[in-house]
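For the single chain, residues carry numbers from 1 onward in sequence order. Note that this is a predicted model, so its numbers are computed, not measured. Side-chain atoms are counted along with the backbone in the values below, which use heavy atoms only and exclude waters and symmetry mates.
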Amino acid sequence: MPMGTEPRQPKTKLSTTIVTSLFLLSLATGIYFWKTSGQMARQNNLNELRADSLLSAKFRLEGDIRSLESQLESNADNSMSLDNRITDLHQLLDQRDHEIQLLRRDKARLERSTQLHNRKTDTSTTRTDSLEKQLEAVSDKVDWLSENNSLLVKQNNDLQNQISHLNNTLSTTVSRTTLTGDAFFVEATKGNKKETAKAKKVKTLTISLNILSELHLEGSQEVYLSLTNEQRAASIPPLRTTTVSLATTNDVIPVHATQRINFDQNPQRISFIVRPGTPLKPGKYRASVFTKDRYLGSVDFQFRDSFLFF
């Protein structure tokens, strides 16, 4: 073997070892960063899901608080107006009672005067007739005031009943609103079944509520879900429209989902599932539930717009 060829073999082995070590080090580093980037992506998705859920809960609570405050203010204004009317009626009743007492004293005085004149002379016919006419006029006025007094008493009783009804309604409204707010639940999910608060991402909208036995609903009835916007118009194209006969009016509502419910099985919870055919627009929505002749409650919720990175 010629001289000078033996030292090349250790150098070649050393180079191969270095290259192999560098390759293994690069491979290990790549695997480590690949695992780290996957964990960060999963953590980012989890944080986005939590943020969307908290935002949806915040919107529901804010809507419930605004609805309750509006009802309390309306009922307080009605109660104050009725209190003022009752105070005025009491004052008018007191004034009429005082006038009736005065007229009754005048009537008694005129009756005594008439009797005295009749005993004194039979020739005072003209004066007696005049006094009798006055007496009849006073009697008519007393009767008229008595009838008005009875009417005012009846109005006062009616107003007292209205106040009692409003007070009962106020206490019941606070309790029922609280129950309704707790019972309603709105869940919006994307195509991958994850919750979202972004309008364009919503693929499935689930709305559920409790039907309480205190509502005294009976038998098998059709229940309608109606989705409207702030202008009370249909927020998405409805399946159809229907007329519901409420206590004071007949309303035509858009229907987005229906169920036949047996209300003899109370209490129970029902759910509606709506799959919008078109992307939803950002803004406030209201889900209302009806039967043919009853309003079962509603819940407000909101979807936000989608941005570039979140």
Side-chain angles (χ1 to χ4, degrees), residues 40-76 170-212 223-238 253-254 256-257 267-290 295-310:
M40 292 177 65
R42 287 191 296 272
Q43 184 66 34
N44 184 57
N45 290 336
L46 180 59
N47 290 337
E48 183 179 2
L49 179 61
R50 290 176 177 173
D52 289 345
S53 298
L54 290 173
L55 187 59
S56 297
K58 176 186 176 184
F59 289 151
R60 289 196 299 271
L61 290 174
E62 289 178 348
D64 291 341
I65 290 172
R66 287 192 297 270
S67 177
L68 180 57
E69 289 176 346
S70 176
Q71 292 182 21
L72 287 174
E73 290 174 359
S74 176
N75 286 331
L170 181 61
S171 60
T172 304
T173 300
V174 173
S175 175
R176 184 175 298 171
T177 303
T178 304
L179 289 174
T180 301
D182 291 339
F184 270 92
F185 180 76
V186 179
E187 182 181 38
T189 57
K190 299 185 288 188
N192 57 4
K193 308 301 181 183
K194 294 182 178 180
E195 288 190 18
T196 183
K198 302 174 184 177
K200 293 183 179 180
K201 298 287 186 179
V202 176
K203 298 298 181 183
T204 303
L205 189 61
T206 303
I207 299 167
S208 58
L209 71 153
N210 283 341
I211 301 297
L212 304 177
V223 182
Y224 309 104
L225 175 71
S226 180
L227 298 176
T228 54
N229 54 24
E230 292 182 276
Q231 290 73 39
R232 300 186 65 183
S235 54
I236 59 176
I253 63 169
H256 295 89
Q268 59 179 292
R269 186 168 185 84
I270 60 175
S271 297
F272 297 92
I273 297 177
V274 179
R275 294 180 175 87
T278 57
L280 297 181
K281 295 181 180 180
K284 294 182 180 179
Y285 292 80
R286 169 166 290 186
S288 303
V289 181
F290 301 86
Y295 168 69
L296 302 184
S298 62
V299 61
D300 294 333
F301 54 95
Q302 185 172 352
F303 293 122
R304 63 180 174 86
D305 201 354
S306 299
F307 300 98
L308 184 60
F309 298 106
F310 59 93

- Query: So do Thr189 and Thr206 actually touch side chain to side chain, heavy atoms under 4.5 Å?
  - Reply: no
- Note on the structure: Taken to the nearest 0.5 Å, the spacing of Gln43 CD from Leu46 CG works out to 5.5 Å
- Between Ser226 (side chain) and Pro254 (backbone), is there a donor-acceptor pair under 3.5 Å? yes
- Taking ring-ring contact (aromatic ring centres under 6.0 Å, His included) as the test, write out the residues that go with Phe290, two or more places apart. Tyr295
Return all side-chain donor-acceptor pairs below 3.5 angstrom for residues 277-287, not counting sequence neighbours, or 'none' if the list is empty.
residue : atom : partner : partner atom : Å
Tyr285  : OH   : Lys281  : N            : 3.1
Tyr285  : OH   : Lys281  : O            : 2.4
Arg286  : NE   : Asp300  : OD1          : 2.6
Arg286  : NH2  : Asp300  : OD1          : 3.4
Arg286  : NH2  : Asp300  : OD2          : 3.0

- Message: Return the CD to CZ distance between Gln302 and Arg60, rounded to the nearest 0.5 Å.
- Response: 12.5 Å
- Message: What's the separation between atom CG in Leu205 and atom CG in Leu227, rounded to the nearest 0.5 Å?
- Response: 6.5 Å
- Task: Please report the C-alpha distance between Glu48 and Asn44 in whole Å, then the side-chain angles of each, then the deciding distance to 0.1 Å, and finally whether the side chain to side chain donor-acceptor pair (under 3.5 Å) criterion is met.
- Result: CA-CA 6 Å; Glu48 183 179 2; Asn44 184 57; 5.0 Å; no
- Query: Counting only N and O atoms by type, is there a donor-acceptor contact under 3.5 Å from the side chain of Asn210 to the main-chain atoms of Leu212?
  - Reply: no
- Task: Give, for atom CG of Leu49 and atom NZ of Lys194, the distance between the pair rounded to the nearest 0.5 Å.
- Result: 7.0 Å
- Message: Could you report the tightest heavy-atom contact between Leu209 and Phe184, atom names first, then the distance?
- Response: CD1-CZ, 3.7 Å
- Query: Just how far is it from atom CZ of Arg304 to atom CG of Asp52, taken to the nearest 0.5 Å?
  - Reply: 5.5 Å
- Query: What distance do Leu54 atom CG and Arg50 atom CZ have between them, rounded to the nearest 0.5 Å?
  - Reply: 9.0 Å
